[in-house]
Enquirer: 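Here you go, one structure.
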There are 2 protein chains.
Amino acid sequence: MNINKFSEITEMSPYTIRYYEKIGLLRGVSRNASGHRWFTEKDIIWVNFIKRLKDTGMPLEEIKKYASLRELGAQTVKERQELLEKHQENLIKHIRQQNEHLKALNTKIDLYKSGEVG
Amino acid sequence: MNINKFSEITEMSPYTIRYYEKIGLLRGVSRNASGHRWFTEKDIIWVNFIKRLKDTGMPLEEIKKYASLRELGAQTVKERQELLEKHQENLIKHIRQQNEHLKALNTKIDLYKSGEVG
DNA sequence: GGTTGACTTAGAGTTAACTCTAACTAGTAG
DNA sequence: CTACTAGTTAGAGTTAACTCTAAGTCAACC
């Protein structure tokens, strides 16, 4: 598919898609006869994984590191797993903290509801 | 207390504290005889609330809106409550999504653990 | 009285992650 | 052949949220 279709499916602007390729996050995207990018199912899967890492707070720099390791093949499996496990830990901590924040926010809103805040 | 002590307690750099005052997030900070900022317990409470809103993804612009409403006193109680309730909703959605991301990440890591990824 | 240290300000610089512009090309429809 | 559309690139511009610099003030110590 062309970049517009890919943009639609992944819900990312063509600008962002090209940017991701430029910084080395999206590699090996093929081209058609006239030099236009031609995206495949594989690209969708990979971009969706990038989005997941990004949405859970991983900086693009670190996602790039994962991408580079992936590029190097089987010998980096362990390192990639470790990277993901560290991220998993961070994410668990993040969720825990967000739940604490939610609790505090609930308390604050209750004060408003009971008219104790003015 | 002076800005350094306040910085230590709130775990924010003096730069950030002055910046927050400059953009109108921190208002009515008093000064001592020689023109230096003098922070009180109230400032700590307020900054901690700001941090909570920020940590849960509220942009400083919107926190500023809440601060402005607060400044206007009792007649804005309803509006402030609504603002917080909208944020509460967003936060609940965010936590739900982060949990989904965590589940997907767990699955991915399991693939690594079982040696199905290379 | 001079130096040191903790503050002050206005405004410039930084960083991450886009987002856009300008100039260009290739394919298609009239 | 011309116009239009959909892409291409390098590189400039934007935004949020800081972070720092430079020049200055003020109180305390030697």
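To find a chain, count down the sequence lines: A is the first, B the second, and so on, and within it residues start at 1.
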Enquirer: What's the closest nucleotide to the side chain of B:Arg18 if the choices are C:dT9, C:dT21, C:dA26?
Expert: C:dT9

Enquirer: Counting heavy atoms from C-beta on, name the nucleotide in D:dT21, C:dT19, D:dC18 closest to the side chain of B:Thr16.
Expert: D:dC18

Enquirer: How close do B:Val29 and B:Trp38 get, counting heavy atoms only, and between which atoms?
Expert: CG1-O, 4.1 Å

Enquirer: Donor-acceptor pairs are to be reported for all side-chain atoms of residues 51-69 of chain A against protein atoms at under 3.5 Å, with residues two or more places apart or in another chain.
Expert:
residue : atom : partner  : partner atom : Å
A:Lys51 : NZ   : A:Thr10  : O            : 2.6
A:Arg52 : NH1  : B:His101 : ND1          : 3.1
A:Thr56 : OG1  : A:Arg52  : O            : 2.8
A:Thr56 : OG1  : A:Leu53  : O            : 2.9
A:Thr56 : OG1  : A:His87  : NE2          : 2.8
A:Glu61 : OE2  : A:Lys64  : NZ           : 3.3
A:Lys64 : NZ   : A:Ile23  : O            : 3.4
A:Tyr66 : OH   : B:Tyr112 : OH           : 2.7
A:Ser68 : OG   : A:Arg27  : NH2          : 3.3
A:Ser68 : OG   : A:Lys64  : O            : 2.9

Enquirer: Among C:dA26, D:dT8, D:dC18, which nucleotide has an atom closest to any side-chain atom of A:Ser34?
Expert: C:dA26

Enquirer: Is the shortest heavy-atom distance from the side chain of B:Arg31 to the side chain of B:His36 under 4.5 Å?
Expert: no

Enquirer: In whole angstrom, give the distance that lies between atom NZ of A:Lys64 and atom P of C:dT15.
Expert: 14 Å

Enquirer: Report the nucleotide, chosen from C:dT19, C:dC7, C:dA26, that has the shortest atom-to-atom distance to any side-chain atom of B:His36.
Expert: C:dC7

Enquirer: Using only side-chain N and O atoms of A:Asn4, determine if any of them is under 4.0 Å from OP1 or OP2 of D:dA6.
Expert: no

Enquirer: What I want to find out is whether A:Glu21 reaches A:Arg18 closely enough, with some N-O distance under 4.0 Å, to be called a salt bridge.
Expert: no

Enquirer: Just to be sure I understand the rule, does B:Pro14 reach a base, reach only the sugar-phosphate, or reach nothing, if contact means heavy atoms closer than 4.0 Å?
Expert: nothing

Enquirer: Identify whether the distance between the nearest side-chain nitrogen and carboxylate oxygen of A:Lys86 and A:Glu89 falls below 4.0 Å.
Expert: no

Enquirer: Could you state the OH-C1' distance from A:Tyr15 to D:dA10, rounded to the nearest angstrom?
Expert: 14 Å

Enquirer: Counting N and O atoms only, with roles assigned by atom type, does the side chain of A:Thr76 sit under 3.5 Å from a partner on the main chain of A:Glu79, one being a donor and the other an acceptor?
Expert: no

Enquirer: Nearest whole Å is fine: how far is D:dC18 C1' from B:Leu60 CG?
Expert: 9 Å

Enquirer: Which part of the nucleic acid, if any, lies within reach of B:Arg37 when heavy atoms closer than 4.0 Å are counted: base, sugar-phosphate only, or nothing?
Expert: sugar-phosphate

Enquirer: How many whole angstroms separate atom CG of B:Asp55 from atom P of D:dA16?
Expert: 19 Å

Enquirer: Which residues in residues 19-33 of chain A have at least one heavy atom lying under 4.0 Å from any atom of DNA chain D?
Expert: A:Lys22, A:Arg31

Enquirer: Report the distance from atom CH2 of B:Trp38 to atom P of D:dA27, rounded to the nearest whole Å.
Expert: 14 Å

Enquirer: Whole angstroms only, please: what is the CD-P distance between A:Glu8 and D:dA6?
Expert: 13 Å

Enquirer: Output the single nucleotide from D:dG7, C:dT19, D:dT19 whose closest atom is nearest the side chain of B:Ser13.
Expert: D:dT19

Enquirer: Starting from C1' on C:dC20, measure out to CD1 on A:Ile17 and report it in whole angstrom.
Expert: 15 Å

Enquirer: Could you tell me if the side chain of B:Asn99 sits less than 4.5 Å from the side chain of B:Lys103, heavy atoms only?
Expert: no

Enquirer: In whole angstroms, how far is the P atom of D:dA16 from the CG atom of B:Leu53?
Expert: 18 Å

